[in-house]
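Take a look at the structure set out below.
These figures come from a predicted structure and were not determined experimentally.
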Amino acid sequence: MAQKRFQAPRGTRDLLPEDLVLIRHLERTAHRLAASYHYLEIRPPLFEETRLFQRSLGESSDVVEKEMFTVPRRGRSQDPGEAFTFRPEGTAGVARAYVEGGFAARAPLQKWYYLGPMFRYERPQKGRERQFSQFGVEVFGAAGAAMDAEVILLCLRFFQALGFGEQLEVRLNTMGDPEDRDRWREALKAYFEPLLDGRCADCRERFQRNVFRLLDCKVAACQEAIAAAPKLRPLLGAESGRHFEEVLAGLQALGAKVVEDPGIVRGLDYYTRTVFEVHYPPLGARSALCGGGRYDGLVAEMGGPPTPGVGFAIGLTPTELALKELDLPPKADLADLKDALKPQIYCVALGEEDRAETLALTTELRDAGLTGIELDARGKSFKAQLKEAGKRGVHWACLLGSEERASSTVVVKDMQEGGQEAVPRAEISAWFFQRQAAASTGAALP
RNA sequence: GUGGGUAUAGCUCAGUUGGUUAGAGCACCAGAUUGUGGUUCUGGGGGUCGGGGGUUCGAGUCCCCUUACCCACCCCA
């Protein structure tokens, strides 16, 4: 490049019309499913006070420590907590909205979902971007295991609706209540401390930052030590132990494939009790499609009354990649969105003197409520207009010349079948309505 | 933050042991006699070979630096 050209910032990408076929299908699947479970949409701002994330995700979490997109506030101190940060995840903002809106007092049970962009300043790689979208769900005010199961099932159904098959599985674990967790953390620290010399560099680092994550190390030499590490289950309080069993039983009763996985340790501080991921093993290394769990202390942490919560977040990009890899969803599911990329009707002017009338015809069809109506925008010749229509895959071309004007008709040419017929000018909209309705085009509108 | 890979037209790529005005396919634009597309044919626009420095009579082709992107690790959606 001779001149340095502009380019999309690292870790971002342009979602072009073609890309949006699949993405919009993901989005509408999310909306439909949420409606079916009666979760209502919420749209918090894309940025929040930095301290909100520091508080909820935990100061020592990777996200807060090195992945936040933060902008200083004008005229404020340099204190980082005073700044704004583009949301790195959805739960904190939604929980803040719950507290700020006073829902705990007036309508404590709220089932919400959101769909939109998140931002993390990290090194991009396949399926990981600095701006990415998530579909997430948060339920406040329901403490019972039944709600954990409902949320997890909803997550599962989302992937099933997209065509993922039998191999979908839920990996379930519990982090216990805060007291359980504290006891476990101490036990792990005490256990690993004398063994640190034999651990990999990453594990020594994890020991300092977050012992729990040491349990998920893949290095062979660490595996044995991990296998013998203290387990949470014996330390679990009676209540949280029973809760875990109930979630497990509840999911199994609904026919979900669930495996217990002690390696599931979420990186954010706010999780309590249930933590889970949804995996699709055929995807290999990137089989994790969704992560979530219970966060009973979060609302209180934010200054609201003690209120239980549970939710999940699904990354749309990994899902998108997985769908492409698996050649899903079924083509028929995308047909309407794909069709919408092509004009349905292309109005063609025979000569220069026919352009005004062609524009009038185009406008009439558009005003009538038909979709996908186009005409030449570049002063092309008659032949070139037809060529253009053919190239763009239009269904019908409306030909308008002196003969048609004289007889008040329009020649409608079927660009796919090849035939053509003269339709009275006055009946043209109705003529198309009959056929478009039959083809049920326009269903792709948002 | 760590490690590795790549960088030639809008896209996918050729460019021989360094040597005349850097090529192809696709895409794009315009034509092939007066009112009809998708095939075919002809012509056309478009790259100073990511950027900078060096070696050389001469570098897209060798060396160094740099930037961007990609992949993996960490972590995560």
Side-chain angles (χ1 to χ4, degrees), chain A residues 1-13 16 26 57 60-67 87-91 115-136 155 200-206 209-210 212-214 216-219 264-268 277-279 285-292 312-322 346 348-351 353-354 376 378-394 396-405 411-420:
Chain A
M1 312 301 138
Q3 247 238 300
K4 187 171 180 188
R5 298 200 295 183
F6 291 110
Q7 56 184 203
R10 179 171 213 184
T12 67
R13 62 179 170 145
L16 304 173
L26 295 187
L57 310 185
S60 68
S61 65
D62 272 42
V63 173
V64 168
E65 205 155 311
K66 51 190 188 189
E67 296 176 358
R87 62 183 190 186
E89 55 97 58
T91 304
L115 197 51
M118 308 291 164
F119 306 83
R120 287 187 199 175
Y121 202 102
E122 59 184 336
R123 192 93 155 228
Q125 59 179 279
K126 199 169 188 61
R128 238 167 80 184
E129 303 161 300
R130 288 184 173 181
Q131 178 183 328
F132 57 97
S133 282
Q134 286 186 337
F135 163 44
C155 178
C200 63
D202 283 334
C203 279
R204 284 199 290 273
E205 170 70 14
R206 292 184 183 109
R209 294 172 62 80
N210 185 345
F212 301 125
R213 256 177 280 174
L214 211 147
D216 202 21
C217 184
K218 290 147 200 106
V219 176
I264 303 293
V265 179
R266 312 253 81 216
L268 308 178
E277 292 178 1
V278 169
H279 282 253
R286 293 197 313 281
S287 69
L289 295 169
C290 167
F312 67 72
I314 294 169
L316 259 37
T317 305
T319 305
E320 189 189 340
L321 251 38
Y346 199 98
V348 174
L350 267 294
E353 65 283 2
D354 301 310
D376 172 49
R378 294 185 287 182
K380 285 173 177 282
S381 68
F382 172 54
K383 280 184 88 150
Q385 287 178 60
L386 267 182
K387 200 178 262 187
E388 170 95 8
K391 195 176 59 189
R392 294 178 61 183
V394 319
W396 292 285
C398 287
L399 312 186
L400 210 59
S402 51
E403 288 178 23
E404 288 71 29
R405 279 193 289 150
V411 168
V412 179
K413 180 180 172 71
D414 188 321
M415 299 292 282
Q416 276 149 35
E417 305 301 320
Q420 66 181 48

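Rounded to whole Å, atom P of B:rC75 lies 17 Å from atom CG of A:Leu57. Rounded to an integer number of Å, the gap from CZ of A:Arg87 to C1' of B:rA77 is 13 Å. Rounded to whole Å, the distance from CG on A:Asp354 to P on B:rU36 is 14 Å. Following rounding to the nearest Å, A:Arg392 (CZ) and B:rA27 (P) show an atom-to-atom distance of 16 Å. What separates OH of A:Tyr121 from C1' of B:rC76 is a distance of 18 Å, to the nearest Å. We find that CD of A:Glu129 is positioned 14 Å from C1' of B:rC69, with the value rounded to whole Å. In this structure, CG of A:Asp62 is placed 15 Å from P of B:rC73, rounded to the nearest angstrom.
Separating the P atom of B:rA59 from that of B:rC49 is a span of 12 Å, rounded to the nearest Å. Between B:rA24 and B:rG45, the distance separating the two P atoms is 12 Å to the nearest Å. Using C1' as the reference atom, B:rU67 and B:rC26 are 30 Å apart when rounded to the nearest Å. Taking atom C1' on both B:rU48 and B:rG43, the two are 25 Å apart, rounded to the nearest angstrom. Nucleotides B:rG1 and B:rG58 place their P atoms 40 Å apart, quoted to the nearest Å. Spacing between B:rA22 and B:rC64 at atom C1', rounded to whole Å, works out to 25 Å. Rounded to whole Å, the P atom of B:rU66 lies 24 Å from the corresponding atom of B:rA9. Nucleotides B:rG23 and B:rG46 have their P atoms positioned 14 Å apart, rounded to a whole Å.
Using a 4.0 Å heavy-atom criterion, one finds that A:Lys391 contacts the sugar-phosphate atoms exclusively. Residue A:Arg378 is classed as a sugar-phosphate contact, given heavy-atom separations below 4.0 Å to backbone atoms only. No contact: A:Glu205 has no heavy atom under 4.0 Å from any strand. No contact: A:Gly351 has no heavy atom under 4.0 Å from any strand. Heavy atoms of A:Ser402 sit under 4.0 angstrom from at least one base atom. Contact annotation for A:Arg286: backbone-only contact, meaning every heavy-atom pair under 4.0 Å involves sugar-phosphate atoms and none involves a base. If you check every strand for non-hydrogen atoms under 4.0 Å, A:Glu89 touches nothing. Nucleic acid contact class of A:Ile314 (heavy atoms, under 4.0 Å, all strands): none. As judged by a 4.0 angstrom heavy-atom cut-off over every strand, A:Arg206 is placed among residues touching the sugar-phosphate backbone only. Counting non-hydrogen atoms under 4.0 angstrom, A:Glu404 reaches a base of the nucleic acid. Across all strands shown, A:Arg128 has heavy atoms under 4.0 Å from base atoms, whether or not it also approaches the sugar-phosphate.
Side-chain atoms of A:Arg120 lie closest to B:rA77 of the nucleotides B:rU2, B:rA77, B:rA68. Comparing B:rC73, B:rA77, B:rG37 by their nearest atom to the side chain of A:Lys383 picks out B:rG37. Side-chain atoms of A:Phe382 lie closest to B:rG35 of the nucleotides B:rC74, B:rC75, B:rG35. Comparing B:rG31, B:rU36, B:rA77 by their nearest atom to the side chain of A:Gln420 picks out B:rU36. Nearest nucleotide to the A:Pro318 side chain, out of B:rU36, B:rG37, B:rA77: B:rA77. When distances are taken from the side chain of A:Arg123 to each of B:rU2, B:rG37, B:rA68, the shortest belongs to B:rU2.
Under the 4.0 Å criterion applied to side-chain N and carboxylate O atoms, A:Glu320 and A:Arg13 are assigned as salt-bridge partners. Between A:Glu388 and A:Arg378 there is a salt bridge, with a side-chain nitrogen of the basic residue lying less than 4.0 Å from a carboxylate oxygen of the acidic one. Between A:Arg266 and A:Glu277 there is a salt bridge, with a side-chain nitrogen of the basic residue lying less than 4.0 Å from a carboxylate oxygen of the acidic one. At a threshold of 4.0 Å, the pair A:Arg213-A:Asp62 counts as salt-bridged, since one of the basic side-chain nitrogens sits closer than that to a carboxylate oxygen.
A pairwise comparison of heavy atoms in A:Phe312 and A:Phe135 identifies CE1-O, 3.9 Å as the closest pair. Contact detail for A:Gln416 and A:Val394: the closest heavy-atom pair is NE2-O, 3.4 Å. The nearest pair of heavy atoms linking A:Arg130 to A:Arg10 is CD-O, 3.3 Å.
Within the shown strands, nothing qualifies as a pairing partner of B:rG47 under the Watson-Crick or G-U definition with both distances less than 3.5 Å. Pairing partner, B:rG5: B:rC69, with both Watson-Crick or wobble hydrogen-bond distances short of 3.5 Å. For B:rC11, the paired nucleotide is B:rG25, the pair qualifying as Watson-Crick or G-U wobble because both relevant distances are below 3.5 Å.
When the side-chain nitrogen and oxygen atoms of A:Lys380 are compared with OP1 and OP2 of B:rC29, one or more of them lie within a distance under 4.0 Å. Contact annotation: A:Arg13 side-chain N/O to B:rC69 OP1/OP2 distance is not under 4.0 Å. A close approach under 4.0 Å does not occur between any side-chain nitrogen or oxygen of A:Gln125 and OP1 or OP2 of B:rC71.
Looking at A:Glu122, its side chain comes within 3.5 Å of the base of B:rA77 through a donor and an acceptor atom.
No side-chain donor from either of A:Ser402 and A:Glu353 sits under 3.5 Å from a side-chain acceptor of the other.
Each of A:Asp202 and A:Pro124 was matched to the nucleotide of RNA chain B holding its nearest heavy atom; the match closer to the 5' end belongs to A:Pro124. Looking at which nucleotide of RNA chain B each of A:Glu388 and A:Asp414 is closest to, the 5′-most match is held by A:Glu388.
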